Every structure is written in C-alpha cells, then in structure tokens.
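This report concerns only the one structure given below.
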Amino acid sequence: MTAPQIEVFLQTLIAGFLLGGLYALIGIGMTLIMGVMKIINLAHGELMMVSMYIAYWLFTLFGLDPYLSVFVATPVMFFIGVGLQKFLITPVLKVDSILPENQVILTVGIGMVLSSLAMLFFKSDYRSTPVSYATSAWYLGDYWKGSPIELSLSVPWTVSFVFALAITAGLWFFLTKTDTGKSVRATSQDPQAALMMGVNVDRMRMLTFGLGSALVGAAGCLFIPIYYLYPSLGGQFTLIAFVITIIGGLGSTAGAIIGGIILGVFESMTATYIGMGWAPVGRFAVFVAALIFLPGGVASLARKRKLGK
Amino acid sequence: MKRYLPLFCLALLAVVPLVGLNSYLMHILILFVMWSVIGMSWNLLGGYCGQVSFGHAAFFGVGAYTAGILYTKTGLSAWWGLPLSIVAVTLVALVMGFIVLRLRGPYFALATLAIGEVLRVTAENLTNLTNGDVGIMIQERTWVEKIWYYYIILAVAAITFYLVRAVIQSKLGYYFVAIREDQDAAESLGINTTLYKTIALTLSAAITGMAGAFYTNYMGYIDPKVVFALHDISIVAIMVVMVGGVATFWGPVVGSIIMILMAEMIRSVPMLGTAHQTFFGALLIFIIIFLPNGIVGDFKKLRRLVGLGRPS
Amino acid sequence: MLEVRNIDVFYGDVQVLWDVSFEVKEGEVLALIGANGAGKSTTLKTISGLLRPKRGEVLFEGSPIHTEDPFRLIEKGIAHVPEARRLFTEMTVEENLDMGSLKGEARKLREKNKDMVFDIFPRLGDRRRQRAGTLSGGEQQMVAIGRGLMAMPKLIMFDEPSLGLAPILVKEIFNVIKRIREEGNTVLLVEQNCKQTLGIADRAYVLETGKITLEGTCASLLNNEHVKKAYLGV
Amino acid sequence: MLDVKNISMFFGGLAALSNVSFSVVEGEILALIGPNGAGKTTLFNVVNGFYKPSHGDIFFNGTRISNIKTHRICRLGIARTFQVVRPLQRMSVLDNVIASAFMRAADKKRAEEIAMDILQFTGLYDDRNVISKGLPLGKRKRLEIARALATQPTMLLLDESFAGLNPSELNESIDIIRKIKAKGITMMIIEHHMKVIMAISDRIIVLNYGQKIAEGTPLEIGRNPQVIEAYLGEATNA
C-alpha cells in the first residue's frame, strides 16, 4: 500500500470507530429493553429523532449547545419512555391475540405517530445546529511534524464519541454497582426469581424502557452537531439499533458495544471502498449474516469460550 | 345466503363503474381493490400461517420492477409483467425464504423488514437496470379510461379471493394454521414446517408481486422509494389486515376500504395532508389495544364497544 | 408462625391443590414431602405470592399474606429458595448474594452476612467473582441457599434443594439446613428425598396429588407403610 | 420395534442422558419413570427427533432414525403428546384432529372420516365443534392423544397424559389407553401417577440422573431396592 492508500484506510477506520461509538449507545438502549422486556422496540429511532428536535430547538431558541442539551433531553426522554411503557405497552402485553407479534407492530405504530407528528410540526426540512466547531478538526501533522501520513480527527465527532463513552461508563456503573441496576439485570435474567428477591418487576420494566429511551435520547443530542435532522430519520436508526443487538447478542450490553463498533467500521469501509449509497446494504448484509451464522451474537462466542474446553 | 356473498360483492363491484364514476372515484376504487389483493396475500402468510412479514414491499417492488424493466429493456408491453412477475417474485421468495424462514416470531418479522430495505437500496443503486432514483416511466399508457384497469385488478382480486379460500379450506390451510398455533407440535404431527412455510411465503409473495406489476401499468411510473416503501407498502399491508381482521376472509377487504377511505379523507383536508401517518399510527395503536383481531375478527367485541350488542 | 388454611390453587383451569392446610411453628423444621407432581412447589409458590389461592388463606404472624404483592414478602421475613435454584446466571456469585439483601436490615448488614455465607460455604468465597451460570450444580445450590440467607428471613423455604445433586452433595446441603435450624431459624422444607428429609425435620406432612394425606412426627412417618405407597403406588 | 442404543445427550457440559439403552417390544406398554429431572422428557425429545443425540443410535423397525427430522419420524409411525398440552388453540377440536389426519389421508373427505372415527374412539365426538382453547384440561389431554392417533402411528409416546386429571377423568383415560393397546399400537408412557403406571404398563424403565437404573415388570420394580432408594432417598445417619 502506498502512503495515500494507508492514509485513506486509517482515516476510514477512525471514522468507523467514532461512528461505532455512537451506534453502540443507540444499540445499548435497544438491547436493554429487549433483555428486560423481551420486546423489540421499533420506535427506537423515532425516540432519537424526538430528542434531536429537542436539542435543535434548545439550540435555535436559546442558543444552548447540543452537548449541554444532553442534560435536558435525556431526562425528558426518560419520562416519555416510562409513559409509553405504562400506557401503551403494558396494556398490550395483557391482550390475547392471534399474532404474538402485536407488540412489535404496536411500536411501529408509535414510531409512525412520532415521525409524522414531527413532519406536521416541523415540515420535512433538513435542519442542523450550526455550532462554531462543526468543521474544526485536529490534524496529526500539527502534533507530529515529520509524520509521513496526514490524519485528522473531527472535533464534534470526537467530542460526541467521548460523551458516548462517558454515558456508557455511567450506565455500566449503574448496572453493576447499584442495587437498582442489579435489579434491572436480575429482572432480565429471571423475572420470577427477581420477584422472590423483593424486586418490583413492573417498576423495573418501566425504568428500563425509560432508561433505553434516555440512552437513545442522549445519542440524539450527540448526533445533532454532526448530522442532519429530518422527521423520517428514525426508521434507519431503529434498524441500526436492531442490527447491533443481533450482532452483539440480545440483552448483552458489552455485545452492543462491540456490535456498534463492528457496524460502524463496516459501514465506513463500505462507504469508502464500494460507494456511499451501498452503506445500508453492507449493514443488512452484516445483519443477515449474523442471523444465520451467529444466532446468539458476539455474546454467545464469549460465553462458549468461558464454558467450553 | 352466506355462500353467495362473495359472488354478490363481486357482481356489485363489477357493476359500480357502469353508473359513471368520475376519474377520481375510479382511482379510489382501483386502489381499494389493489390493496384488498395485497391484504389477502399478506393474510395468507401472516394471518393464517403466523409468519408476520414486515417486508411485503420487497415482493411488491420486485413485481413492479419486473414489469418496468421488461418494458424499458425489451420493449415488451408492461402487461407481460403480470405473469412474469410471478416467476421473478417466486424466485426472490424462495431465496428469501431460505434465509428468513429459519427465524421465528419477531426475528422473522425484522429479517423480512431488512430484506425489503436491502432491495430498495439495491434498486436505488443498480442504476443501469432500474434508472435508480429517477425511476421508470411507462411512456405510452394502454388506456386513458381507468375502467379497464379496474376490471383487470378486480379479476386479480376475485381470483385471489377464491384461491386463498380454496387454500385455507384444503390440507394446506390446516397445515398453515397448525404451524401458526404451535410449530413444534405441528412438526411432531408429521408436518414439514419448513416446506409449508415456504409454500405460504411463495404464494403470498407471488400475489403481492402481481399487484406490484399491475401498479406499474396503472400508475405508469415507479421509483424505489415508492414501490419498496417500508411505511407506505409493507406497513400498510399489515394494517389492512390488522384493521380488517387477522385470519378472516373478509378482513383484508374491510381493512382496505377503511384504510383507503381514511387516507383519502385525510388527504382532502389540506391542513392534515402530511399527517396521514399520525392517524394511521394512532389507528394501529387503537386496533392493537382494543380490537387485536381486527374489525371482522372482533366484530362481537366491536358491537359491545359501541353499545349495539344485545346484553347477554 | 405460618398458617396455611384450606387453600385451593389452580394453574389456569387446572386444580393443583385441594383444601391444603398446615402450620409451621416458630423454630421448627417442617417438611412437606411427596412424589413428583404432588403439588409441593405449588404450595411454596402460593406462600410466596407467585400464585394466588382461589379459596382459603395464608397467614404469616397472624396477618394474611395471600393478597400481598409478591415482592413485599421478603420484607416481611419470608425467603424462598426456589426449585431448580433459579440463580441469576449472568451475574457473579457475589451479585447474586447482593440480590438477596435488597431491603431493610439485610441491606445494612450485607457485607457481614456475606462473610457468614462464605463461612458456611467456603467454596463460594473462592468463587465470589465467578459467573453463577458457570458453577457446578452443587455450588449453584449453595448460592441459592446463601441468597436466601442474605435476606435474614424469619422463615426460609427450601424447594427440593437435593434436586439433581449427587448423594454426597445432598448430604452436605442437608447438613447446612440442619445448621441453619440450629441457629434458631424456622425452616419449611419441601423434598422428594423422603428418608433424608425426615432425618432432619421435626414434623412432616405428606402431599399426594394435591391433597395432604398424612401428618405427624418424623419418627412416626419413617416407618409408615403408607409413605412408601404414596411414592411407589405398591 | 424401537431400539435405543447407548444414547447420550449433553446440554452444555451437562449430561441429561448418559448411555441409555433399551428396546420396546411390539404391542407392549413401556413406562418410563424416575424423579424430577431424570431425563424422561429429554429421552422423548431424542426419540421424536427434536434433539439429535450427542452419542448413540436409535432404530425404528430397523431404520436408523436418530439422524432424521421430526416430521419424517412421525411419517414412519411414531407420534407423541406433550407434557404441557399444546393443542392448536384457535382451531376446533375436529379441525385439530383433521390437521393431523391429513398426513395419511389422500383428500379432505378421507381426513374428516379418520378424524370422526378417532373422536368417537376417544370420546370427544360431542365436543368436536368446541374451540380447543375452551376445553377443560382432561379433554385437552385426550385431544392430544386423539391428535397423535390421527397420524395413524404404530407407536405412541405419551408424556404425562394423566397429570392433573381428576379420578373420573383418570379412569376414562386409562380405558382409552387400554383400547389403544387393543388396537395393537405400541406405547411408551412417561407418568408420575404410580397407580396408573402399575395398573397399565407391561414393563417399566427407571431413569435417575440420566441413567437407566432398573428395568422390569411393575412387580419387580416395586421391590427393587435401587428404585426405592432413587425415589425415597437414602437414609442418612449424619
């Protein structure tokens, strides 16, 4: 490989990694909900879109930096999630119907309402938050004068990535170090046993849906400085989240992180070497391959290694 | 009486245009019949066999593009797409079935959704075959009046109705429902579940593909965003059945009437034009919570809800 | 301490318990024995609120508990070591023990109680950071018992702790139950393993297809021919 | 008729069945008993083709069946019922039985005839138009048997077909089992109800921890000290 080729390759890899970190955050929210409630939330991306509009308006009306709106949008999204769980999803779980997929279809309905309401109120315009640092970047050459290749690191992408990392670490701390977090995990593994331990399982489910929504909401705030916002953007991110959970293994947070990064790198590579438009196809190719060849996701591989000989 | 209801409805539908409807009303009628066809085919796979597909747009789109590509590449009339789409879509369904039929429940649903999206993106990118985003335009339309299109899709609908009914009342139908109710039990009762799921998928796909080929001829223009649309095709196909009645013969027809009327009513109010999905989504949520088996399936419950049912 | 009065319990439309009544007195080990499918686990699940009796009532220290939310029972002092252990297999041994002590006094004394559990089961101490799902069957049962003890319950219920364990491990588990009792706890023990159970219990009830058919002191039951019949039908 | 040779079945590292061998003789009722978790249902799942055994082979009338799919095994003549009743819930009793009768019926008319015969045979004829979800448990258990019979098997695997029945239902079911036996259908039965087992079975196999610990007539099994120990547990003097 010549120097420019290496440059392109490394730059693509970096971009994929940064993207993957954000994807992971979206995926974790989905996988958490799937693990605890055993339902697939197809309104996940639409929840992210709602959060992006919150960040957008906070920026446009009050000049609030999108990174600061994480602290506003995330709690709002949490309560939206709790409400959805309490008033829509719980009732459906109790209804007897021919098709058990009803709850999945229900979340599709929720997504449709959210995205078309956004369309109604905000039109289908593409919006973005023109922050001052939008195009700034760090260059390798500035730090290492004699570098044979030149690489750059976009400031907003990196900041978003670091935020995503911090949120993930915070979540990890919550899930492993606090009693409530442990109760959430216990509920996902064996709700009845959790009940016997004194866990209010229904409340954990609401908390989880809220938490999943809050996480994807945070991801929305991190995406807005680097991405366009339009009402129908949710569907694509729902699929991304789902693909990540399949690659990572259902309900596995660590799996979702790896899944997010695999997907981010893969998409970035497809975009560079095959063509921009094909990135989604690559995404689905990974998805279908994971479904067929790795039914338990990356998490199952790790488990096998630990158990087997 | 009940036996002749389908014939009666068919006769009624055949006569309706003769009273002289304007072009707009004919358009509504055609859409209603076309969506009944798609709904019936989705119901065969989803309602009876229990395999909930989120990707019927894949079949609709492939059918539509079969007709379109035939026309642009070979110069044949796009009407050849009607029979040929069956071949093309069957092939797609067989490949797709091989991949997705080993999955169950929501995973099957999501995998079909993903494949539908893959085909859309593929159609957008294979520009030398599909013209990509530009789409395909059928230059010379066969007829100006809509009535002929109407009779063609009505014939397709009639055939579909009787085909679905024949299938459901035969061994296939019993096997489909057995698979829906309990796949393991079905397998242990000697039913080759993979084979029969593939049959259900292929039949359902072929019918939807025909509707797609018809669409190309009727509208005279297709592009990937329209015929491979997730919300406007795949989800509406589910809704037609969910609203009308899952696993009922008349459900898709009733669902189609309601969906088309609702869409047109919303469209006629300029304020709400862009919001039709809000209403669709809200309707879907309402149906799932209160009438999970649709209007036909939960008819008794519906009468109770609106206070028409006799107290018992 | 615990009083079960004339309960009828159903799974859906299937009746599993018919008019079951018994009493657990403070400080004793009461055994509920019977063959597979006799309704033993159902009885325990009803006590811990996972199933609701259609008729009859369950009283704990004089107040009815069959209408309580199941997650409140552990606060009231009833711990249930469920059948087939039901550990949180993806969590570590220590986290499983933490789950046993979410509430009240038990939460405050968590670290102390953990040391106590590791004292009873030294093997668990060595494996405190290991995932519960990777433990052997016997070790998993130890975690399940430890998790129950962490709640500092007034009454601890064991559901077939010997299930699927090799005889030597069964012996170990039973010794632990004996020790728990000697420390002044009240125990309700459900078992198929009748001889061993009768060896450590004060009193026992025999359940046969959902009905209580015998009760008495263990000494009297050990030699009762009917017990054998209840199991083998000969 | 059925030869099970050195079957082992592992889940993860755990052996649910280890080295189990036995034969079923044509026309007999062979009971499979053992404490909870002994591996009885697992054994059915292996014979029935849901699981592939980790080791060993199974032959049915000389054909190796341990490597073929469930629906083909059913076609060869082995039908089963489930421990947790699994009727096709939203179908009527008659339709449930028709669905399985199709396997050996040339057309729908023939399938209906077979189904009607079997419903009469199992005493479900009067309930034929009931949606099976609404049946009481006793009849649902019988519907399971009817459905299995509709595939016209030569061998029937019954997994706890008597659990949860009241005494009168129990007697009806025992009668049906005897009638099935009179038709010449071989049966393997998993059951906890010892009285039933002792009353109807020709031979008994006892499983414990996935191993066969005894085999014999009901009388022999009732006296076998190893069996008594497996069920009652060994006494400790600790």
Side-chain angles (χ1 to χ4, degrees), chain A residues 28 31-32 34-36 38 90 94 96 172-208 248-256 296-309, chain C residues 41 44-45 47-51 68-92 94-104 106-108 110 129-136 140 143-144 146-153 156-157 159:
Chain A
I28 292 172
T31 208
L32 209 57
M34 255 195 219
V36 174
K38 317 294 170 213
T90 313
K94 290 180 187 143
D96 173 65
W172 178 83
F173 182 85
F174 167 73
L175 287 177
T176 54
K177 300 292 172 207
T178 68
D179 276 4
T180 315
K182 283 176 203 162
S183 300
V184 167
R185 285 162 62 213
T187 305
S188 88
Q189 290 167 39
D190 189 335
Q192 213 181 34
L195 215 49
M196 290 185 213
M197 298 301 123
V199 174
N200 185 341
V201 167
D202 286 337
R203 186 175 298 163
M204 286 308 133
R205 293 198 168 127
M206 273 193 281
L207 175 75
T208 307
L250 300 178
S252 157
T253 338
V298 177
S300 71
L301 281 185
R303 200 158 304 150
K304 243 177 234 162
R305 177 121 344 134
K306 272 185 200 158
L307 271 181
K309 300 169 184 171
Chain C
S41 297
L44 289 200
K45 282 185 184 167
I47 296 170
S48 54
L50 300 173
L51 293 169
E68 278 286 352
D69 283 325
F71 56 84
R72 300 216 185 279
L73 289 172
I74 203 148
E75 287 169 77
K76 293 191 180 292
I78 301 178
H80 184 170
V81 179
E83 187 183 9
R85 308 181 270 269
R86 304 288 286 272
L87 296 184
F88 304 112
T89 49
E90 305 286 309
M91 292 163 86
T92 64
E94 210 169 347
E95 285 175 324
N96 268 281
L97 296 181
D98 292 348
M99 284 306 295
S101 54
L102 292 175
K103 300 279 158 69
R107 175 70 186 88
K108 283 181 211 142
R110 179 181 282 177
R129 302 210 190 288
Q130 198 168 323
R131 240 170 9 100
T134 62
L135 300 177
S136 72
Q140 289 194 5
V143 178
R147 194 175 62 172
L149 292 174
M150 290 295 290
M152 305 171 65
I156 181 161
M157 309 193 290
D159 195 347

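All of these numbers come straight from a predicted model, not from anything done at the bench.
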Original post:
Among C:K45, C:E75, C:M91, which residue forms the greatest number of heavy-atom pairs with chain A at distances under 4.5 Å?
Top reply: C:M91
Original post:
How long is the span from the CZ atom in A:R185 to the CD atom in C:E90, to the nearest 0.5 Å?
Top reply: 9.0 Å
**OP:** Determine whether more than 12 heavy atoms belonging to other residues, nucleotides or ligands lie under 6.0 Å from atom CZ of A:F174.
**Re:** yes
Original post:
Looking only at heavy atoms, which two atoms of C:R86 and A:Q192 are closest? And how far apart?
Top reply: NH2-OE1, 3.0 Å
Original post:
What are the two closest heavy atoms between C:F88 and A:Q189, and how far apart are they?
Top reply: C-OE1, 3.0 Å
**OP:** Locate the shortest heavy-atom distance separating A:T176 from C:E95; write the atom from each residue and the value.
**Re:** O-OE2, 3.8 Å
**OP:** To the nearest 0.5 Å, tell me how far A:R203 CZ sits from C:F71 CZ.
**Re:** 6.5 Å
Subject >> Under 3.5 Å donor-acceptor, C:K103 side chain and A:G198 backbone >> reply: yes
**OP:** Would you give the length of the straight line joining atom NZ of A:K177 to atom CG of C:D98, rounded to the nearest 0.5 angstrom?
**Re:** 9.5 Å
Original post:
Which bit of C:R110 comes within less than 4.5 Å of chain A, counting heavy atoms only: side chain, backbone, both or neither?
Top reply: side chain
Subject >> Per-residue contact mode, C:L50 against chain A (heavy atom under 4.5 angstrom) >> reply: side chain
**OP:** Quick one: closest heavy-atom pair of C:I74 and A:M196, and the distance?
**Re:** CD1-O, 3.3 Å
Subject >> Pairwise side-chain contact, C:M99 with A:V199, heavy-atom cut-off 4.5 Å (strictly under) >> reply: yes
